[in-house]
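Worksheet: one structure, shown below.
By convention in this document, chain letters (A, B, ...) are assigned in the order of the sequence lines, proteins followed by strands, and residues within each chain are numbered from 1. Since we're looking at a predicted model, the values are computed, not measured.
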Amino acid sequence: MTKGDEDTQPLILILSHRDDSTARRVEEQIRQRNHHVLLLDTADFPEWLTLAATLKQEHWQRTFTSDGMSYALSSIRSIYVRRPNHYQVRGDFPETLQVFLENEANHGFGGILRSLDCLWVNALEAQRLAGYKPRQLHIAREVGWSTPPTLITNDPLAVRTFFFEECQQEMIFKPLHGGFFLGRGSSYHVIYTSRVTLDHLKELDRVKGTAHLFQRSIKKHFEVRATVIGQTVLSVAIESQLSEASSVDWRASYKDLRYHIYDLPERIKEQCIQLVQRLGLVFGALDLIVTPDGEYVFLECNSGGQWEWLAVETNLPFAQTLAEVLITGKS
Amino acid sequence: MRIRALESSRRPPVPEETFPIPADGPFALLFLRTRIIGERLNEDEEPESKPKPKPTATEATTTGKDEVNPNPAQNEEIDWEYDD
């Protein structure tokens, strides 16, 4: 490609920030297979990205220019959404205008991207919808998963009843969404999945303050992170029960975790793929419990879940599989 | 200028100061913990009765010991927005 030329060879677009080592792994795999790939951060628009899209007859004729290179948007075969930042309009504007201008950028550049007939991993709207845990659990049950008995409520009495009658005092609380708040410097606040004790019940009236999700605590033999990429399931056993610190929520203490490649039964693999597809996704990282009785219990699906650290631990071909799916442009 | 995730209007703003954990907020806040990125839990939190696990690749090669390499575990913390 040369400056100003439109390139008509298939292009794979990775949306992420430049320091994203995970995105770089996929980029490298695509390049090794001699396909064109471009890592793009939407925050570069409009300052460093130029878009020209003209509607003629029934087709958009569109190009965009990045770092002096011009690309035909119609050449994009697939888009991998990793960790892009929001469109950034630079200038000293009041916040209201700033938001308006950035939304214009989103609806312009983002709107054009959405009009492309290509594979998205994952489609943004599907990803957003997939983030709702109640919906995940509902669909999981529909495709045959075992799920923990679950209560979502702001009613203290409902929690008390659930705690004693459904959970026999073995209950956990987990946030419905997020639970991670950056602080200043390197500090942050976080809410992990946590065990609810009798002491906590003294504060039950505070449940009225917002929606809360409670589940019966499921006995764990070990846990599995099953990453679905198209029709492939890469699964890793996470030994989380070696330490109290990681036993309820393994994210709370990575140093206590041990990993090994784990081959799920075919039926469970199928259920993983079915769930991800029903959520409208191509990629999904599922958190599962394997009970001492060998039962597989679905906890949640992370539509943008991390996988790089598991690639380091196990050498499973996460980046390679993603590259193959993106190159074929089919899920 | 504040940078936020793509179309993530839901993302809470980054506070200017570390905020105190409210004493009487909703029940969920009972479980709020303050941590430092890359911190290691106090060894006292490990029960003595259990064997100390062997180091893994993540710990040996990327966790807080080589600033050149990205730290996947920390990356996961920072990217929480998309991973829950």
Side-chain angles (χ1 to χ4, degrees), chain A residues 15 19 21-22 42-43 81 83-86 88 90 106 110 124 128 131 173 175 177-192 194 200 203-204 206-210 212 239 242-245 251 253-259 285 300 302-306 308-309 312-313, chain B residues 1-19 21 24-41 45-47 50-59 61-63 69-84:
Chain A
L15 299 182
D19 298 327
S21 58
T22 305
T42 36
V81 182
R83 300 293 191 267
N85 288 308
H86 199 275
Q88 274 199 296
R90 285 160 176 84
N106 176 28
L124 293 163
R128 186 172 300 122
F173 162 79
H177 168 258
F180 176 73
F181 318 94
L182 281 173
R184 194 170 197 184
S186 57
S187 72
Y188 63 95
H189 305 292
V190 61
I191 302 175
Y192 295 118
S194 303
H200 289 125
E203 307 288 341
L204 263 191
R206 293 161 66 174
V207 164
K208 292 175 181 173
T210 187
H212 292 75
E239 300 285 354
L242 299 169
S243 163
E244 180 66 25
R251 299 170 304 177
S253 188
Y254 283 94
K255 74 180 177 64
D256 290 314
L257 305 177
R258 298 298 171 260
Y259 311 92
E300 63 181 61
N302 309 288
S303 56
Q306 295 283 8
E308 187 182 17
W309 99 105
V312 170
E313 292 286 354
Chain B
M1 181 179 290
R2 179 164 55 91
I3 297 179
R4 57 198 170 106
L6 178 65
E7 299 171 43
S8 180
S9 57
R10 304 166 297 145
R11 185 166 213 164
V14 177
E16 294 295 323
E17 303 287 343
T18 303
F19 54 86
I21 298 175
D24 56 354
F27 190 79
L29 302 186
L30 289 173
F31 304 102
L32 194 65
R33 294 160 62 173
T34 302
R35 300 186 69 172
I36 305 297
I37 291 174
E39 75 173 329
R40 297 171 65 84
L41 288 177
E45 294 182 37
E46 292 184 44
K50 296 194 176 177
K52 191 169 181 65
K54 293 176 184 174
T56 65
T58 295
E59 194 167 10
T61 63
T62 62
T63 303
N69 289 336
N71 183 332
Q74 291 182 8
N75 195 10
E76 176 129 1
E77 292 171 6
I78 292 164
D79 287 342
W80 214 284
E81 169 73 12
Y82 287 99
D83 196 0
D84 68 358

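Glu203(A) CD to Leu30(B) CG: the interatomic distance, rounded to the nearest 0.5 Å, is 5.5 Å. With rounding to the nearest 0.5 angstrom, the NE2 atom of His200(A) is 4.0 Å from the CZ atom of Phe31(B).
Across every non-hydrogen atom of Thr210(A) and Pro26(B), the tightest pair is CG2-CB, 4.1 Å.
For the pair Arg206(A) (side chain) and Gly25(B) (backbone), a donor-acceptor distance under 3.5 Å is present.
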